[in-house]
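Some notes on the structure that comes next.
Heavy-atom basis, side chains included; hydrogens, waters and symmetry copies ignored. Source: prediction; values computed, not measured.
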Amino acid sequence: MLVRMLLDHIARFGVASDGRIFQNAAGNYIDAAAYGTTWARAREATLTLDEHALNLAKRPCDLRHAGISFWLASGVDPAECARRAGQGIQVLFRYYAKFLSGTRNRANELVEKHMDRWEAPQTPDAAELSRIRSGNIPERPVVTGTRMGQIGSRG
């Protein structure tokens, strides 16, 4: 989708003589202050009044933070989130700990669920029950081919 958006932009506005995709109306570098102005206009044009009041996506870098937070809240492994974000796992834990606590709770629930299943008494399935009922269980245990009653007997 991003590639399509960039190609549409290039088709509409072209590229600068030095190959830059983004340029001002005169074909020059975009002034740093223009980013803030453009961002503010885009927020006003797209956000509801409630979203605007919450300072949602107040700065362009907030989108990166939102994306990483979304990955973590979705259950993506923190190491993979750090790799995708191009930062160390320590940075991820420092800045996104509030999202990681939710995944820790979910991880604990999963572990407890599996422990309960592991500790639950095993019940025989239908095939086992029918075998037991039909009398197909040896009357005496067999040890290396010898019936228990024959151990020690001479005959």
Within the 4.5 Å heavy-atom criterion, are H65 and S69 side-chain neighbours or not?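 Yes, side chains in contact.
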Working to the nearest 0.5 Å, report the span between [atom1] of [X] and [atom2] of [Y].
{"X": "T37", "Y": "D31", "atom1": "OG1", "atom2": "CG", "answer": "8.5 Å"}
{"X": "R4", "Y": "L2", "atom1": "CZ", "atom2": "CG", "answer": "10.5 Å"}
{"X": "E112", "Y": "M115", "atom1": "CD", "atom2": "CE", "answer": "7.5 Å"}
{"X": "F22", "Y": "H9", "atom1": "CZ", "atom2": "NE2", "answer": "5.0 Å"}

Can you name the closest pair of heavy atoms from [X] and [Y] and give their distance?
{"X": "K58", "Y": "R43", "answer": "CA-NE, 3.7 Å"}
{"X": "G27", "Y": "Q23", "answer": "CA-OE1, 3.1 Å"}
{"X": "P78", "Y": "L92", "answer": "O-CD2, 3.1 Å"}
{"X": "A85", "Y": "W71", "answer": "N-CZ3, 4.2 Å"}
{"X": "D62", "Y": "A57", "answer": "OD2-C, 3.7 Å"}

Within a 6.0 Å radius of atom CG on L63, are there more than 12 heavy atoms belonging to other residues, nucleotides or ligands?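 Yes, because the 6.0 Å sphere around CG of L63 holds more than 12 heavy atoms from other groups.
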In the single-linkage hydrophobic clustering (I, L, V, M, F, W, Y; side-chain heavy atoms under 4.5 Å), do [X] and [Y] co-cluster?
{"X": "I21", "Y": "I30", "value": "yes"}
{"X": "F70", "Y": "I68", "value": "yes"}
{"X": "L7", "Y": "M1", "value": "no"}
{"X": "Y95", "Y": "F93", "value": "yes"}
{"X": "L47", "Y": "Y35", "value": "no"}

Which residue pairs satisfy the salt bridge (Lys or Arg N to Asp or Glu O under 4.0 Å) criterion with at least one member in residues 69-83, sequence neighbours excluded?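 Checked against salt bridge (Lys or Arg N to Asp or Glu O under 4.0 Å) - neighbours excluded - the pairs reaching residues 69-83 are E80-R83, E80-R84.
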Taking only Lys NZ, Arg NE, NH1 and NH2, and the carboxylate oxygens of Asp or Glu, determine whether K113 and D116 approach each other closer than 4.0 Å.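 So K113 does not pair with D116 through a salt bridge.
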